[in-house]
Amino acid sequence: MIAQSTLETIGSTPLVKLQKMAPSDSAEIYVKVESFNPTGSYKDRMALAMVEGAEERGDLRPGMTVVEYSGGSTGSALAFVCAVKGYRCKIVSSDAFAQEKLDTMRAFGAELEIVPSDNGKITAELIKEMIRRTEVLDADDRTFFTDQLNNRDIIRGFEKLGSEILQQIDKPIDLFCGAVGTAGMLMGVSKVLRQSEDRTRIIALEPASSPFLSTGKKGAHRVEGIGLGFELPLLDKNCYDEVRGIEEEEGRKTARRMARDEGIFAGTSSGLNMAGALQLARELGEGKTVVTVAVDSGLKYLAGNLYTG
Ligand SMILES: Cc1ncc(COP(=O)(O)O)c(C=O)c1O
C-alpha cells in the first residue's frame, strides 16, 4: 500500500511481548513500541489530532502559524505535521531538554525560542515560563496556539492507541500503566480500555522525586516530558485507579536493560514506564497481563547520559 503522505504512517505501531525481562512468576508484559511513528514518538498522534481538530473547527487556516511550548517531542511532532500540511511552526523550548530534540524541531522547519534553565533541571517554574512566552507569541489572529495542556483533541488522538492495543492483544488486559505529562496518553488509553470488558486497572506513574499526583508535593527531576508538578487540566482523577512513584534511577537502569535484553531502544520516560510495569507485574503474578508504552526512540537521548550512565 502506498501512503499518500507521511501523516498516514502515524500509529499502527507494534505491540511486543517481553521475552526476558519479566520473571516467570510475574505477569506477562506487553509494550506498545511508539518509536515506529514518523518522528519516533507517540506525540505524532496528538500533534495530528490537535492540528486536524483545529482545522475542522476553522480555528487553523492556510497561512497561519502554529505556536506551542515543548521539551522537544511534542514540538518535533507538531513541526512534522505542520511541515507536511504547509503551516509555519514556532516552538518555545529550553536547554533543559536534549539537544537532539531541539535539532529535530529545527530539521522539520520549526523556529525555536530557547528559555534558559537552572542547570538543566526541569522544574514547574521553567514550564510556566515557557507557557508565558508562548502566550506572548500567540498575539494575533495569524497564530494558533495548540495549547497542549488544555487541548482535548489530544485525548481523541490517543484513543486510537488504546483501540490498537485492544485489537492487537487476544487476552484480557489486567493492568495498564503509563507516566503522565499532559495526561493525554493516559486519558485516551484509559477511556478505551475502561470501555472494554476487561476491567483493566489503570496506574498513573510519576517520578518518585516529584510525587505531585500522589502527594501534591513537587520536586526537581530529569525525566523529560513527565512530572510537570502542577494541576493538569486534562487529567480526570477518575480515569486511573492508583498513582505510583517510580525512582528515576530505576527507570534509567530499566531503559538500558530494555535495549540490551529486549531490543527496545527508548527514552527515560519509557524506562520509567517499564520499571513501573515490572513492579506491578511482579505484584499481580503469573497468568495476568500488563501493558505499557515505550514512548519514543532512544536515539533522542544519546547526547545525555541515559545510555552511558
Ligand atoms: C518523552 C515523553 N514521555 C512521556 C510524556 C507524557 O505523555 P502525555 O503528555 O501524553 O502525558 C511526554 C509528553 O510530553 C514525553 O515527551
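The model shown is predicted, which means the values in this text are computed figures rather than measured ones. Counting begins at 1 with the first residue of the sequence. Only heavy atoms go into these numbers, but all of them, side chains included; no hydrogens, no water, no symmetry mates. For ligands, and for the atoms within them, numbers begin at 1 and follow the listed sequence.
Salt bridge status for Lys237 with Glu231: present, with a side-chain N to carboxylate O gap under 4.0 Å. Comment: Lys171 engages Glu28 in a salt bridge, judged by a side-chain N to carboxylate O separation of less than 4.0 angstrom.
Aromatic ring centres of Phe158 and Tyr42: separated by under 6.0 Å.
Val223 and Ile127 are not part of a single hydrophobic cluster, where members link through side-chain heavy atoms under 4.5 Å apart.
Residues forming a side chain to side chain contact (heavy atoms under 4.5 Å, CB included) with Asp241 (at least two apart in sequence, or on another chain): Arg194, Arg201, Ile202.
Residue-level contacts of ligand 1 at the 4.0 Å heavy-atom threshold are Tyr42, Lys43, Ser73, Phe158, Val180, Gly181, Thr182, Ala183, Gly184, Met185, Glu224, Gly225, Ile226, Ser269, Val295, Asp296, Tyr301.
Heavy-atom contacts from other residues, nucleotides or ligands closer than 6.0 Å to NZ of Lys191 number 12 or fewer.
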